[in-house]
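Order of appearance sets the numbers: ligands from 1, and atoms from 1 within every ligand. The chain is numbered in sequence order, starting from 1. Everything numeric in this text was worked out from a predicted model, so none of it was measured.
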Amino acid sequence: MSRSQYTFENPVTRYPQVEAPEEQVPEPGHDTQLTPSADHGEETYRGSSRLVGRKALITGGDSGIGAAVAIAFAREGADVAFTYLPEEEDDAQHVRNQVETAGHKAVLIPGDLSHSSFCSQAVSTAVRELGGLDILVNNAGKQLYCTDIVDLPDEQFEQTMRTNVFALFHLTKAAVPHLRPGSTIINTTSVQAYLPSPILLDYATTKAAINGFTKALAAQLAPKGIRVNAVAPGPIWTPLQPSGGQPNEKLAHFGSQTPLGRSGQPAELAPAYVFLASPESSYVAGETLAVTGGMPTP
Ligand code: NAD
Ligand code: MG
């Protein structure tokens with residue numbers, strides 16, 4: 001492996017600007033069908049024993065940012081359980097192969113996180129199969145754009161809330177009794193929490209809620225030795241985007257509005273999660289690490 005996350009390169013040209021085809025796919029999108037394909041670090045992520053023996057549960061670990069995090073965690077020495085929707089089995093098997101090739105256990109947990117019963121079941125399955133839990137990454141998310149509140153279906157508003165906010169509560173509530181001092185919780189928020197797009201009313205609202213949840217929970221759990229933090233991605237090339245996440249006209253130049261001038265790749269997110277999961281960040285709690293290509297998070 002010659003090129004890795006440690007290779008010095010111009011960040012502007014490290015990855016080419018994504019040229020997305022003018023074609024939307026049904027939700028949930030699949031990484032196996034994403035054009036152009038995304039980089040999850042399969043060829044580049046170099047582990048250095050930063051999470052040896054840790055046991056992690058990642059929601060939405062089949063694709064996009066969650067897949068990159070699962071691959072990185074395994075290469076850093078962790079066993080990884082992850083959730084995904086049953087129709088995402090193809091992507092989940094790819095991540096399973098990556099985790100097992102790294103020499104670690106992969107536990108696949110298909111199901112719908114908008115049901116609270118599945119959230120608690122996912123935690124108990126992970127704890128049972130991994131023999132405990134040290135890291136919870138609340139990463140799964142739903143994003144469907146809609147230009148006018150009048151046209152935003154009640155069902156979509158509720159489902160986005162359930163997936164992005166309620167699930168965080170149910171997963172975390174189920175996980176906390178298993179977390180010992182030194183454990184970490186990492187929530188995936190978004191630049192949308194700070195700079196909400198008018199067409200992402202419901203989604204941006206959930207991301208602002210995640211920020212509040214993260215800070216309150218961090219203060220609550222810090223005395224127990226459990227650190228809670230968040231990562232705020234900017235525009236990242238994942239299956240979320242061309243499956244109703246953005247209209248075609250925005251996908252055509254996706255990420256070009258960032259100071260770095262391009263969209264990010266999932267592989268560029270993974271080191272932020274590794275940092276927050278590892279004891280290197282032992283004095284970091286209630287923080288949001290922005291990985292936005294330079295977009296401000298005021
Ligand atoms: P992705 O589509 O690869 O991952 C999202 C995952 O969420 C899916 O794989 C799916 O398994 C899961 N999911 C959705 N609804 C679910 C449900 N009801 N039950 C169970 N699982 C469900 O896309 P991604 O961009 O990697 O998204 C990961 C996180 O990153 C999300 O929270 C998203 O909001 C956030 N994010 C993404 C971007 C971006 O530009 N891609 C930017 C900011 C934040
Ligand atoms: Mg997916």
Element-labelled atoms of ligand 1 that are located less than 4.0 Å from some non-hydrogen atom of G111: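 Those atoms are 19 (N), 20 (C).
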Please identify which atoms of ligand 1 are closer than 4.0 Å to at least one heavy atom of P239.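 By the 4.0 Å cutoff, the relevant atoms are 3 (O).
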So which bit of [X] gets within less than 4.0 Å of ligand 1, heavy atoms only: side chain, backbone, both or neither?
X: K207; value: side chain
X: I65; value: both
X: T189; value: backbone
X: Q241; value: side chain
X: T163; value: side chain

At what distance is the nearest protein heavy atom to [atom], and which residue and atom is it?
atom: atom 6 (C) of ligand 1; result: G60 CA, 3.9 Å
atom: atom 24 (P) of ligand 1; result: T238 OG1, 3.4 Å
atom: atom 31 (C) of ligand 1; result: N139 O, 3.1 Å
atom: atom 13 (N) of ligand 1; result: A140 CB, 3.9 Å
atom: atom 2 (O) of ligand 1; result: L240 N, 3.5 Å
atom: atom 14 (C) of ligand 1; result: G141 O, 3.3 Å
atom: atom 18 (N) of ligand 1; result: D112 OD1, 2.9 Å
atom: atom 30 (O) of ligand 1; result: T188 CG2, 3.3 Å

One thing to verify: whether [Y] and [X] come together as a salt bridge, which I'm taking to mean a side-chain N less than 4.0 angstrom from a carboxylate O.
X: E27; Y: K142; answer: yes
X: E129; Y: K55; answer: no
X: R3; Y: E9; answer: yes

Which is closest to atom 4 (O) of ligand 1 by heavy-atom distance: S63, P86, G64?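 The nearest heavy atom belongs to S63.
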Heavy-atom nearest neighbour of atom 42 (C) of ligand 1 within options G234, S190, S114: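 Closest candidate by heavy-atom distance is G234.
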Counting only nitrogen or oxygen atoms and a 3.5 angstrom limit, does [X] reach ligand 1?
X: P233; answer: no
X: Y84; answer: no
X: D31; answer: no
X: I236; answer: yes
X: Y203; answer: yes
X: P235; answer: no
X: D62; answer: yes

Pairing donors with acceptors under 3.5 angstrom, does anything connect the side chains of [X] and [Y]?
X: S263; Y: Y15; value: no
X: S281; Y: R227; value: yes
X: Q192; Y: S197; value: yes
X: D91; Y: Y84; value: no
X: D31; Y: H40; value: yes

Backbone N/O of [Y] and side chain of [X]: donor-acceptor pair under 3.5 Å:
X: D79; Y: K105; value: yes
X: K215; Y: A285; value: no
X: Q143; Y: G245; value: yes
X: S37; Y: L34; value: no

Axial cation check for F169 ring with R162, 6.0 Å and 45° limits: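 No, R162 does not sit over the ring of F169.
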Would A67 count as a contact residue for ligand 1, given that I'm defining contact as a non-hydrogen atom of the residue lying under 4.0 Å from a ligand atom?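 So A67 does not count as touching ligand 1.
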With a cutoff of 4.0 Å, is E88 in contact with ligand 1, counting heavy atoms of the residue only?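 Contact check E88 vs ligand 1: positive.
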Under a 4.5 Å side-chain heavy-atom rule over Ile, Leu, Val, Met, Phe, Trp and Tyr, are V231 and L171 clustered together?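 No, V231 does not connect to L171 through the hydrophobic network.
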From the N, O or S atoms in D62, identify the one nearest to the Mg ion (ligand 2).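 Restricting D62 to its N, O and S atoms, the minimum distance to the Mg ion (ligand 2) goes to OD2.
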The Mg ion (ligand 2) as vertex, arms to OE2 of E88 and OG of S63: angle to 10°?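 OE2 of E88, the Mg ion (ligand 2) and OG of S63 span an angle of about 170°.
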Step by step, would you call R14 with Q265 a side-chain hydrogen bond (donor to acceptor under 3.5 Å, both in side chains)? CA-CA 10 Å; R14 187 174 190 112; Q265 291 288 333; over 6 Å; no
Tell me which one of N164, T172, T59 satisfies side chain to side chain donor-acceptor pair (under 3.5 Å) with N138.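 Exactly one candidate clears the test, T172.
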